[in-house]
Every structure is written in C-alpha cells, then in structure tokens.
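What follows is one structure encoded as structure tokens, with my remarks underneath.
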Amino acid sequence: MAKNITPKEKNYSQWYQDVIRAAELADNAPVRGCMVVRPNGYGIWENIQAVFDRAFKETGHVNAYFPLLIPNSFMEKEAQHVEGFAPECAVVTRAGGSELEEPYVIRPTSETVIGYMYSQWVQSWRDLPILINQWCNVMRWEKRPRLFLRTSEFLWQEGHTAHATREEALAETMLMLDVYRRMMQENLALPVIHGEKSMNERFPGADNTFSCEAMMSDGKALQAGTSHFLGQNFAKAFDITYQDKNGKIEYAWTTSWGTSTRMIGAIIMTHSDNDGLVLPPRVAPVKAAIIPISSDEAKLSDSLAPTAMKLSNELNAALGCLGVAVDRQFHMRPGDRFFHHLQRGVPLRIELGEREFDESRVTIVRRDNSKKEQVSFDAAPARVKELLDDIQKNMYDKALAFREQNTRDVSSLDEMKDFFRKNTNGGFARAYFDGSPDDEKDIKDSTGGATIRCMPTEDESRGKCVYTGKEGARRCIFAKAY
RNA sequence: CGGGAUGUAGCGCAGCCUGGCUAGCGUACCUGCAUGGGGUGCAGGUGGUCGGAGGUUCGAAUCCUCUCAUCCCGACCA
C-alpha cells in the first residue's frame, strides 16, 4: 500500500488529491482555482484530444479559433444565457493603461461570439450547415474549485453548428452525443449513460440538453460531456438568418457540444486505486515502461540500454504511437523505479535485466503486479499490444460491473430516500418521474442532494411516477453529482 | 457566498494555550560507504525573514486587528 496516498475508504476527496499529486498530473497555480497541468496530465489530455478530434473530423467538422475576449454586450443578448453565466464571468475592464469603453468578458463558452460571426457568414441556405469545433481554454469563476473537476480556467473543446432545419440540428445534437458516448467508452474505458437532461439541468439558452453521465468509484455521478439543441434562441439573438430555396428569410437552428479536462477527473475517479493512478492504455501517455536492470554499469550502458532502445522502437512501431518509454533511472533501485511507474498509472512494465537478457527474454508485468510473464524479444510487440487491449477491455468491464452493482430500481419516494440515506452517496437510482422542476427540487432536498442526471435515450419504457404517481412517466437516473 | 478548519524547510507535522537562548521532528534532497528484481541500511550535510500587513511588548511562530490562500461541509457548474 502506498504510504503517500490516503485510502479512498478513509477520505475520498483526500485520496483524489493524493493520486493527482503522486502521479504528478497537476498542481495548484498561484491564481485562485487555477491549475498547472503537468506533463503527465497534459499527456493524457493530448491523447484525449487526438481521439476526439479525429472523431469530430470523421463526422464532418472542422477546427477554427475564436477570440478569448467577448464584448459584454454580446453576453446580454440572450436572456437565459446571461442569467446563467453572469455570476461566474471574469471581466476585463482595463487595458493599455486606461479604462475600456466596453468591458470584455473572458469567455465562459463561445456561443455568443460564434453566433455573431455566423450571422455574418450565413446568407443563403447554401451556406448551411456550418460545422465548426474549437479547442481552447475558458474561464468560469466557480465557487468551489477542485483539480480537473472544476477549475476557474479549464481546457475544452466546443463544437458550434448551424443548420437550415430543426430536424437537422436535432440530428446533429444526437450524433455528437453518441460520438461522445462512443469515445468515452472505447478510449477512456468509461461506461456512460447518455440521455436528456431535466429542465432544471439545462444549459442556459438551450431548448434541450443531453449529457453523458459516468459513475465515480464513490457512487457519485459526473457529467462527462454535453450536447445542446439551442433551437433558434441564439440565431434570433444574433440574427443568424438565411434565404431559403423559396427566397424566404429564415432563422437558422444551432447546436453546441463540449467536453473538457474534467474527463481526466472522471478517469481518475473511475479507475484509480489506493496505490495511485490507473490509466486506460489508449490515453496513457506511457503505455509501457521498459526498465533495464543491472548492478553492472558497463553492462547497462553497453548492452541493456541499447537493447531497451531497440525494443522500445519496435514496440512503438507495433503500437503506432510513442507510448513506450525507456526508464533511464539506472541509479535508482528497481523497487523505486517500479513504484514510480505504478503511481503514474503506467499499465505495463517491461523488465529487462541480466536474468532475461541472457536468455533473450523480457518480463512483462502488469501495473498491479497481478500477472507476470516472460516472452522472447521477437514476440514482445505482439504480446504487449494484446495485453494493452486486454487491460483496456477489463477496465471498462470492471467499471461497468461496478456501476451495475450500485444501480437500483426504485418505485417509491421512500425507497429513493432510503437508497440515498443508507450509503453516503448511494449510486444510481432508476425511477420513473414525471413531476415538475419543483418536484425534482423537492426530491433533491429530501434525499440529501440526488437530482436527475439524465433520462436515458435507450430506455423507452414508461411507468408510474415516483413523485406524482401518474402513469406513463419516463425513466430517469437519479444520483448525487459532482 | 454561508458554516467549520488550517497556513511553520519540497511534502507531512510539533511548538502557540502560559511570549524569552541559535525554531524542532519525520520524510524528501545532497555526500560517502554498503546494498540492489515492489518504497534499502548506516553516517554526515544543505535547506525556514514561522502565509502577508499592521499593532501590543524590552522581546512575537506564540497575544490582538485586518488581509490572502488552501482544505472540508453546503449553494453553483464542463
């Protein structure tokens, strides 16, 4: 057991922070609520970006960049939007040594500037759809920051699209929700439930919001990605109009969708253990560490290290990435080196020592030391690839099994209260619900914080509402959330 | 922003109540020797204007006021 990490059973928040520190993912910045993303953490983000970016491009989107500063008046054009975001906006009022004529808001999200630009770019039905994504930073002055989950400044991607018809925009909203679900499941090993948000949880300015919800290992829910159907709200606020085939002027229909560095928090809280970080191989910056071991320095530099380099090149070629690194901390004791990689979430360790070398074999060991096997040099690339795929799959299966173990169907309000009272966080409660936003708030108050995370898209069943008793209610996932 | 707590070496802490020699301890770090396949052992050493500002006092880590930051519990959110 790692002595620099508080066990999660003892104090989950402390455990989370300890894992981040031990894995050198991020540090607190000198600015309130901001974080410094360290190389090991940024490497995860780069891998996430790579797989998501590819998926966006495969579905016809292109990248662009819009400015960090937004004229204050833009924010005020959409009533719901300004109401939702005003409390958490940081504003620039001085620049160049004097007071600005109009304050600039540091973007909390870019619907407004992008809407403004779209209004200039769109004239005809032929100009639609516009399918643009941007990777950038945004700032939201949150009350209670937590590394990766909620920081004042965070990195994300925001897609903004404009369409000629309502149907097309709705289809886009659902398409991107599904892209998120797939990417999270396949690459981050996060089983997520995707579905529609309740009115209380809607994005300010959206007609409808959908999300991907994941269960953390303490039973709480985390919203890992959202896709919004904005209707014509922003088109009307920013005058995004086009002339249709009949020559008639129409408002466009828009969508927006985003995922952020919060996904790194989701990965940590879904997979990691009391020894430290556990990373899904597909997004691990280091997928395997080759560790040459010998007490004979000449042997290390003359034969083991060069062989390790050769092996890492072969492995990288086989994996199609640069995820295999040679550990050159030769002066450290083997135990220290193993521990270092363990805490940083490196899925596989390849031990290359005198014992193996003499026999032209390497030892492949899993992070948790659960399996150790010897393979020949020639067989190593294929075997490593196989093992990484296996680990990736097992992580997903394990997370899914955990979610299922902590999900329960509840058919009455008392049962729901009981579910969330018994444990500290409960888990996911599945229940039919057809009440009003105030009814939902009442459930929140009486359960110690459980809210509707989403109404699963794939669940078309109908039943009796736990609150009102009305028949024909949709099924909802209730949970306490981060 | 409300309730609670904490700021002393990179990290974790003691000292504060009851003011007083040169501010300690563990760990990390550096050096040496021995070691070496899941957090090595011994010995020696480097490193602190005690979060910041002001006040009380002959004298402040310690008492008082203000301030900043962090953590926990709420409200808010990707």
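The sequence lines fix the lettering, A, B, ..., with proteins before strands; numbering per chain opens at 1. Below, all heavy atoms of this structure are taken into account, side chains as well, without hydrogens, waters or symmetry copies.
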List the steps, then state whether side-chain contact (heavy atoms from CB on, under 4.5 Å) holds for A/Glu158 with A/Thr259.
CA-CA 7 Å; A/Glu158 49 179 327; A/Thr259 57; over 6 Å; no
Check residues 38-50 of chain A and write down every donor-acceptor pair under 3.5 Å in which the side-chain atom is one partner and the other belongs to a residue at least two apart or another chain.
residue : atom : partner  : partner atom : Å
A/Asn40 : ND2  : A/Ala23  : O            : 3.0
A/Asn47 : ND2  : A/Val283 : O            : 3.1
A/Asn47 : ND2  : A/Ala284 : O            : 3.4

Please measure how far the C1' atom in B/A34 lies from the corresponding atom in B/G15, and state the result in whole Å.
37 Å
Scoring nucleotides 66-74 of chain B by protein non-hydrogen atoms under 4.0 Å (B base, S sugar-phosphate only, - none) yields ----SSSS-
By nearest atom, which of the nucleotides B/G37, B/G39, B/G36 is closest to the A/Ser295 side chain?
B/G36
Among B/G39, B/G38, B/A78, the nucleotide that comes nearest once only the side chain of A/Arg349 is considered
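Per side-chain heavy atoms of A/Arg349, the pick is B/G38.
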For [range], pull every pair meeting salt bridge (charged side-chain N to carboxylate O under 4.0 Å, His left out), keeping only residues two or more places apart or in separate chains.
range                       : result
residues 197-207 of chain A : A/Lys197-A/Glu213, A/Glu201-A/Arg453
residues 362-372 of chain A : A/Asp273-A/Arg367, A/Arg366-A/Asp390
residues 53-69 of chain A   : A/Asp53-A/Lys57, A/Arg54-A/Glu58

Which ring-ring contact (aromatic ring centres under 6.0 Å, His included) pairs, counting each pair once, include a residue from residues 201-226 of chain A, with sequence neighbours left out?
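Checked against ring-ring contact (aromatic ring centres under 6.0 Å, His included) - neighbours excluded - the pairs reaching residues 201-226 of chain A are A/His81-A/Phe203, A/Phe85-A/Phe203, A/Phe203-A/His228.
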Measure [atom1]/[X] against [atom2]/[N] and give the value in whole Å, please.
X        : N     : atom1 : atom2 : answer
A/Gln329 : B/G37 : CD    : P     : 17 Å
A/Arg337 : B/G38 : CZ    : P     : 12 Å
A/Met332 : B/G37 : CE    : P     : 13 Å

Each base of RNA chain B marked ( ) or [ ] if paired in-strand (Watson-Crick or G-U under 3.5 Å), | if paired to another strand and . if unpaired gives (((((((..((((......[...)))).((((((.....)))))).....(((((..]....))))))))))))....
List every contact pair, protein side and nucleotides 3-12 of chain B side both N or O, where the distance is under 3.5 Å.
none

Sorted by number, the residues of residues 256-265 of chain A with heavy-atom contact under 4.0 Å to RNA chain B
A/Ser260, A/Arg262
Quick one: side chains of residues 260-271 of chain A, donor-acceptor pairs under 3.5 Å with protein atoms, not counting sequence neighbours, listed by atom name and distance.
residue  : atom : partner  : partner atom : Å
A/Ser260 : OG   : A/Arg262 : N            : 3.0
A/Thr261 : OG1  : A/Leu155 : O            : 3.3
A/Arg262 : NE   : A/Leu149 : O            : 3.0
A/Arg262 : NH1  : A/Gln223 : O            : 3.3
A/Arg262 : NH2  : A/Leu149 : O            : 3.2
A/Thr270 : OG1  : A/Ala266 : O            : 2.6
A/His271 : NE2  : A/Leu188 : O            : 3.1
A/His271 : NE2  : A/Ala189 : O            : 3.2

Among residues at least two apart in sequence or on other chains, which ones pass ring-ring contact (aromatic ring centres under 6.0 Å, His included) with A/Phe338?
none
Distances under 3.5 Å between nitrogen or oxygen atoms of protein and nucleotides 27-31 of chain B:
none

